[in-house]
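Worksheet: one structure, shown below.
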Amino acid sequence: MGIDVLISEQRIKRRVRELAEEISSEYKHKDLLLLGILKGAFIFLADLVRALNIPSRCDFIKVRSYVERESSGKIEIDFFPAVEGEDVLLVEDIIDTGLTINRIKEEIRKSGAKSVRLCALLDKPERRKEEVSIDYLGFSIPNRFVVGYGLDYNERFRNLPYIGVIEDAGVKVR
Ligand code: 5GP
């Protein structure tokens, strides 16, 4: 099973630094709470938080929304931290149909957060089912199933330092 590089490690590093600069300047006078969406965002969040030059706190949300390669559209929240009165920045690996993130945003607003913004590493706009407002975006990508830099295929490939596309016996996956 071969993997083609879609976004190199260098490009990711550069873009993460740029996003961190933007976020640092916009949250300079706030008490930022980064909320990483598990598991896919753990590597992106780790790099992003280390590139910020403002004080911040990190926590995580865990939801179940994806069975193998297709989004079920159903989302179950496994755990969710207290967000009342917080300036929350959601950190997500990829926005696909948009169902998962909109559901999470709704929950955060209902739980009394002061503000909610979204930082996503990747966006696949072609697959959108609901409109999503992305405040900080790494890269917009074509409609392909990607792995690496935290993203998995059946729990594998999360450790790749780049974003890649699986090529299965000559047939590209999605
Ligand atoms: P949505 O609700 O936007 O359809 O689903 C978003 C979630 O689906 C992401 O957080 C991610 O876990 C998963 N997902 C969507 N597209 C891909 C992809 O190309 N590769 C991987 N590994 N996961 C994806």
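By convention here, the first residue in the shown sequence is residue 1. For ligands, and for the atoms within them, numbers begin at 1 and follow the listed sequence.
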Atoms in ligand 1 flagged as close to [X], the criterion being non-hydrogen separation under 4.0 Å:
| X | answer |
| --- | --- |
| Arg144 | 19 (O) |
| Lys124 | 16 (N), 17 (C), 18 (C), 19 (O) |
| Leu151 | 20 (N), 21 (C), 22 (N), 23 (N) |
| Asp96 | 1 (P), 3 (O), 4 (O), 5 (O), 15 (C), 16 (N) |
| Glu92 | 10 (O) |
| Asp93 | 9 (C), 10 (O), 11 (C), 12 (O) |

Does ligand 1 have any atom sitting under 4.0 Å from a heavy atom of [X]?
| X | result |
| --- | --- |
| Arg127 | no |
| Gly40 | no |
| Phe145 | yes |
| Ile94 | yes |
| Arg103 | no |
| Val147 | no |

Sidechain N-carboxylate O distance under 4.0 Å for [X], [Y]:
| X | Y | answer |
| --- | --- | --- |
| Glu155 | Arg158 | yes |
| Arg15 | Glu18 | yes |
| Asp47 | Arg17 | no |

query = Counting heavy atoms not belonging to Lys114, are there more than 12 under 6.0 Å from its NZ?
reply = no
All pairs passing salt bridge (Lys or Arg N to Asp or Glu O under 4.0 Å) where residues 51-60 contributes a residue, at least two apart = Asp31-Arg57, Arg57-Glu86
message = Can you confirm if the NZ or CZ of Lys30 lies within 45° of the ring axis of Tyr27 and under 6.0 Å from the centre of its six-membered ring?
response = yes
inquiry  = How long is the straight-line distance from CD1 of Ile141 back to CG of Leu6, given to the nearest 0.5 Å?
reply    = 6.0 Å
task = To the nearest 0.5 Å, tell me how far Glu21 CD sits from Leu19 CG.
result = 10.0 Å
query = Do any N/O atoms on Tyr153 end up under 3.5 angstrom from N/O atoms on ligand 1?
reply = no
query = Under 3.5 Å, N or O to N or O, is Val146 touching ligand 1 that way?
reply = yes
query = Going by atom types alone, do Tyr149 and Glu9 pair a side-chain donor with an acceptor below 3.5 Å?
reply = no
